[in-house]
Amino acid sequence: MSTNSHNIAHHRDDFGSKMGMWLFLFTELILFGGLFIMYMVYRVEYSEQFHLAAKELNLALGTINTLILLTSSLTMVLSIVAIGRGSKKISIFYLISTILLALGFMVIKAFEWGAKFSHGLYPGGTELANLSNGEVIFFGMYFVMTGLHALHVLIGIVILSFMLVFLLRDKINKDNYIKLEAGGLYWHLVDLIWIYLFPLFYLLH
Amino acid sequence: MSNSISTSIKSFYEYEGKHRGILGWILSTDHKRIGLLYLWSMVGFFLVGVFLGFLMRLEMLSMGKTIMGPQTYNAIFTLHGIIMIFLFIVPGIPAAFGNFFLPIMIGAEDVQFPRLNLLSWWLYVTGGLFAIISLFLSGGPIDTGWTFYVPYSIRTTTQVILPLIAAFILGFSSILTGINFITTVHRMRAKGMTFFKLPLFVWALYATGWIQIIGTPVIGITILLVIIERVFSVGLFDPALGGDPILFQHLFWIYSHPAVYIMILPAMGVVSEIIPTFARKHIFGYKAIAFSSLAIAFIGTLVWGHHMFTSGMSDTARWVYSFLTYIVALPSAVKVFNWVATMYKGSIRMSAPFVFVMAFIVLFSIGGLTGLILGSVATNVHVHDTYFVVAHFHFVMFGGTGFIFFAALHYWFPKMFGKMYNEKIAMTAVGILTIGFLMLYFTMFILGYEGMPRRYYDYLPQFQFLHILATVGSWVLISGLLLMFGNLLYSLRKGASAKANPWNGMTLEWMTSSPPPFENFNYHPEIKFGPYEYEHYEEAVKDEYK
Amino acid sequence: MEEKPVHQEHKNSPGYGYNILIWLTLISLTCVSVAVAGLDLGAYILLTALVIATIKSTLVINIFMHIKFDDPIFKLFFSLIIFTLFVLFVLTAFDILYR
Ligand code: HEM
C-alpha cells in the first residue's frame, strides 16, 4: 500500500472497467429486449401476415451477413489473444480484418435496404401502403430493428477504429489491453443481437 | 495525523484543480462538486415546477377560465409533470446526495468513473435545456401529459419531438449514474467495509442503480420509437397502421413503474440513516432492510400493469398485476416496521431532519395505503383518472421522496457546506409544509372520490368548496417551502460553522471534516464496526470527530 | 509498494485453435438453421430457430465474451439480466395471449 492516499484513486482497475462495460452492455441488451417484446406481441397478433411479408426478405443476403458477422467476432477474439501474447502485428491484422468485415456487413445491408426502397417498400412508400396492417407492422419492425442494429455496427466500427489507433501507438499493449477487451465485448454484443434478428426475420417461410 | 483537523486541512472548496472559477465547477470530476452541481440545478428546476403547480391551482380557484384556457392548462400540467419527474424526483436523491456521499460513506476517494460522472451531469443539463427550448419551437409547448401516450403523441401538432429527445438524454444520464454507483460499491470500498457493514443508504443506492440499468433502456427505446414513428410515419404504435397503443403503455410503464422505486428507494435509504442517528440506537433489522431494498427493486419491476387496469388489457393480466402489486407492499412494510422498532426505547433527539422523517412516515403511509385501493382492480375502476390518483402520487412522491429530499438537505447541510442552519425556523417550516400539504392533497382524495376527473381546467359547481380549500393549501405549502429554502440560503452565508460531527453520527461521512477535503479523508479509513453500532460509539469515532 | 501494472488476465483463457473451433461450430449451426427453415415443421419452426439461436448465443457469451473464464460475479449479473428479460416477456404475454 502506498502511504499517500491520493495515489489510490488513480490506480488502474481493469476489473472495475470491465464491470462498468458489462453493466453498459446490459442496458443495450434491455434496449433491444424492448424491441423483441414488441416483436413478440405483433407476431402473436399478426402471425399470418408476418409469414407473408417475410417472403420479401432476401434469405441469401441475410445468411451471408450472418456468416460475416460471426467471422468478425472470431477475428476480434483472435486480435485479443494475439495482443495478450505480445504479438502486436498479428493483433493489428485481426483488428483490421474485423473492421473490414464490419464494413462488408454494412455494404450488404445497404443493398438490402436499397432493394426494399426501390420496390416502394418503405414507410410511406407506394407498395407498402397497399399491404395489410400486419405487413406494414412487419416492415416497421424490420426497419427499426435492423436499422438500430446497423447503427450499432457503425458505432462498433468507430470504436474499433479508435482501438486500432491505440494499438498502433502502443497505448494498447501486452500489459494493458483492457480497452481492446471492452471494445471486443461491445462487438460481440452486436453479433449476439444479430444471432436473434436473423431467424426472427429471415427464417420465417 | 493532526489533531485539529478542520484548521489544518483545506476543504474541497479551497482545493485548486486544473480550472478556476466557474470552470473549476462545471469541469470538475470531484464527486462532491458534481453532487452540488446536481443539487443546485435540481432545486432550480423544482422551484420552476412548483411555480407551475401554483399556476394550476390558481386556475382551479374558480369555475371556468380563471387565469388560463384549456390548452394552456394542458401544456402546464404536462410541463409540471415532466419537470418534476424527469428533472427533479428521478435523479433527485441519488444524483445530488448519492454523488456527494456514496464515496465518502464507503471510504473511497471518488466514484469509479469520475469523468463519466461529469458527463452524466452535462447530459442532465442538456436534457433540461432541451425541455425548456422546446417550449418556444414551432407547434408550441407539448400537451400530451408527461406520459406521452400514443396515439395522441403521434397526432398532436404541438412540439413533441424535442421533449422526447430531452427525456431520452435524461434517461442516458440516469443510466450512467447507475453504472457508476454499482461499480463503485463493488470496487472501491475501504478496508474492512464488507457488504454487510455498508450504510443502508448505500444499499438503497445500490438497489436503485440496478433498477436504473434494467428499467431505463426500455423507456429509451420506447421514446425513440415514438420519435421514429412521428418523423418517418413507420407503422409501430399507430392503430391506423395496425399498431397497438396498449403495447406502448406496456413499454412505457415497464420503465416508469420501476422508476417510482428509483424515486423512493434512495429516500428510504436516507430514512434508515437519519432514524438511528437521532434515536442513537442500533438499527432494528439491518439485513431485513438491506434485502428489502433488493426485493422492492426486483418485485417493483414486475407490477407495471397496474397503471393499465382500465386501458383494455386482458382480464388475466389484470388479476396477475393486481396480485403482484399487493406483494410489493410486503417489503415496503418491512421497512416501516423496522424504522418504528428502531425508535422504540431510543433516546430520541428532535431535530429538523428527524421531524421531516416523522412527517414522511405519516404522509408516505397514507400514500401507500391509498395505493392499495388503486392496486385492486375493482376499486381502481372507480377512482381511475380522478383526483384520487393525483393525490396518491403527490403523497408518495412529494410527501415521500420530496420530504426526504428536504430531510437529507438538512441532515447533510452541515457536512456539505460547513454551516449550521437555524433549527427553530427549520422546525416551523416542517410544520407549515405538513399543514399546507394536507390541505392541498388530502382534499384531492375527497375530490377524486366524489368524481372530479384529473387533467381538466374546469369543474362542476359541487366541487367548488374543496377546490378553494386545495388552492389555499397550495399557498400555505409554498410559503413553507420559501421559509425553508430562505432559512438554508441565509445560513449558507451567515450560519455558524458546523462541527465535523454535529449529530454524533457513526457513518464515515461524519469522520472527516466539514466540509470534507479533496478526496475525502486525510487518513485511511478502516472499518471495524457496523454503521449503527452505537454501543461502540466511543471506540469507533476518533477523538477529533466527537 | 505499487504492484506492477500487468494485465489482469486469466491463465486459462483459450488460444487461437479453440476459438476457431467455436467459430466453426457457429458457422455450421447457422447452416443447419437455414436448412431446417426449408423443411415444413409447422408450429416448430419458431421453436427450432430459437433453440439454435440460443445455442449460438451461449457459445458467443461463454467463449468469445469470456463469461466462462471470468469472475463468477459476471455470470451472476448476466443471469439476473436474462431472468429479468424473461419475466418481462412472460408478464407481457399474460396480456397478449389472453386478450
Ligand atoms: C407545491 C407543489 C405542487 C403543486 C401545487 C402541485 C400541483 C399539481 C396539480 C394541480 C396537478 C394537476 C392535476 C390535474 O389537473 O390533473 C399536478 C400534477 C402532477 N404533479 Fe404536482 N404539484 C406540486 C408538486 C409536485 C411534486 C413535488 C411532484 C413530483 C415529485 C409533482 C408531480 C406531479 C405529476 C407527475 C403530475 C401529473 C402531470 C400529468 O397529469 O401529466 N408535483 N400537480
Side-chain angles (χ1 to χ4, degrees), chain A residues 1-2 7 11-15 18-19 22-23 25-26 29-30 33-34 36-38 40-41 43-45 59 62-63 66-67 70-71 73-78 80-85 173-178 181 184-185 187-189 191-193 195-200 202-205, chain C residues 1-9 13-16 18-20 22-24 26-27 29-31 33-34 36-38 40 45-46 48-50 52-57 59-61 63-67 70-71 73-74 77-78 80-82 84-86 88-89 91-93 95-97 99:
Chain A
M1 283 290 276
S2 64
N7 279 338
H11 179 256
R12 215 177 91 201
D13 180 10
D14 285 355
F15 193 90
K18 200 186 256 179
M19 185 179 275
W22 267 111
L23 294 176
L25 294 187
F26 294 154
L29 273 180
I30 297 202
F36 282 109
I37 289 179
M38 279 182 78
M40 171 186 82
V41 171
R43 180 146 176 185
V44 170
E45 238 166 281
L59 177 61
T63 314
T66 310
L67 299 181
L70 287 173
T71 313
S73 252
L74 173 73
T75 51
M76 188 67 235
V77 186
L78 296 186
I80 296 172
V81 174
I83 195 68
R85 297 184 178 178
N173 55 47
K174 182 175 187 303
D175 294 323
N176 184 2
Y177 55 95
I178 182 67
E181 275 193 310
L185 283 178
W187 189 247
H188 295 310
L189 180 93
D191 188 16
L192 203 63
I193 288 161
I195 287 180
Y196 282 94
L197 286 184
F198 173 62
L200 290 181
Y202 293 86
L203 298 182
L204 255 185
H205 294 297
Chain C
M1 208 193 83
E2 275 296 320
E3 48 188 300
K4 186 176 174 288
V6 288
H7 193 82
Q8 299 155 2
E9 191 43 69
S13 63
Y16 298 110
Y18 188 71
N19 281 314
I20 293 178
I22 297 298
W23 170 71
L24 282 175
L26 288 171
I27 296 289
L29 281 171
T30 308
C31 297
S33 70
V34 174
V36 170
D40 191 10
I45 293 183
L46 182 64
T48 44
L50 283 183
I52 294 178
T54 305
I55 298 174
K56 281 163 74 180
S57 57
L59 286 175
V60 171
I61 293 161
I63 314 294
F64 285 179
M65 296 175 100
H66 268 198
I67 281 271
D70 254 326
D71 195 282
I73 192 144
F74 293 117
F77 282 5
F78 201 86
L80 179 81
I81 295 296
I82 296 304
T84 314
L85 265 178
F86 172 74
L88 295 187
F89 273 90
L91 282 177
T92 317
D95 176 17
I96 300 309
L97 297 180
R99 225 187 254 168

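Naming convention: chains lettered A, B, ... in sequence-line order (proteins, then strands); numbering from 1 in each chain. Remember, predicted model here, so these are calculated numbers, not experimental data.
There is no contact between C:I52 and chain A, counting heavy-atom distances below 4.5 Å. Using a 4.5 Å cut-off between heavy atoms, A:T66 contacts chain C through its side chain alone, with no backbone atom that close. Proximity to chain A is limited to the side chain of C:I81, based on heavy atoms less than 4.5 angstrom apart. With a 4.5 Å cut-off on non-hydrogen atoms, C:L59 does not touch chain A at all. Of the two parts of A:L70, the backbone and the side chain both hold a non-hydrogen atom closer than 4.5 Å to a non-hydrogen atom of chain C. Residue contact with chain A, scored on non-hydrogen atoms closer than 4.5 Å, involves the backbone and the side chain of C:V34 alike. There is no contact between A:M76 and chain C, counting heavy-atom distances below 4.5 Å. Neither the backbone nor the side chain of C:T84 comes within less than 4.5 Å of any heavy atom of chain A. Looking at C:I73, the atoms closer than 4.5 Å to chain A (heavy atoms on both sides) all sit in the side chain, from C-beta outward. Heavy atoms of A:V44 lying under 4.5 Å from chain C belong exclusively to its side chain. Contact annotation for A:F36: both backbone and side-chain heavy atoms come within less than 4.5 Å of a heavy atom of chain C.
Looking only at heavy-atom pairs under 4.5 Å with chain A, the residue among C:L80, C:T54, C:D95, C:V36 that has the most is C:T54. With respect to chain C, the highest number of heavy-atom pairs below 4.5 Å among A:G84, A:A82, A:G33 belongs to A:A82.
To the nearest 0.5 Å, the span separating NE2 on A:H188 from CD1 on C:I67 amounts to 11.5 Å. Between the CG atom of A:L29 and the CG atom of C:L85 there is a distance of 7.0 Å, given to the nearest 0.5 Å. Within the model, atoms CG of A:L74 and CD1 of C:I20 stand 6.0 Å from one another, a figure rounded to the nearest 0.5 Å. Atom-to-atom distance recorded for A:R43:CZ and C:I96:CD1 is 15.0 Å, nearest 0.5 angstrom. Summarising the geometry, atom CG belonging to A:L25 is positioned 13.0 Å from atom CZ belonging to C:F77; distances are rounded to the nearest 0.5 Å. To the nearest 0.5 Å, atom CD1 of residue A:I195 and atom CG of residue C:L50 are 12.5 Å apart.
With ring centers used as reference points, C:F74 lies 6.0 Å or more from A:F26.
No side-chain heavy atom of C:L46 sits under 4.5 Å from any side-chain heavy atom of A:L204.
Residues A:F198 and C:T30 approach most closely at CE2-CG2, 4.2 Å, considering heavy atoms. Nearest approach of A:L192 to C:M65, heavy atoms of both residues: CD2-SD, 4.5 Å. Heavy atoms only, all atoms of each residue included: A:L78 and C:Y16 are closest at CD2-CD2, 3.7 Å.
Between C:D71 and A:K18 there is no salt bridge, since no side-chain N of the basic residue sits under 4.0 Å from a carboxylate O of the acidic one.
Annotation: C:F89, atom CZ; neighbour count of heavy atoms from other residues, nucleotides and ligands within 6.0 Å is above 12.
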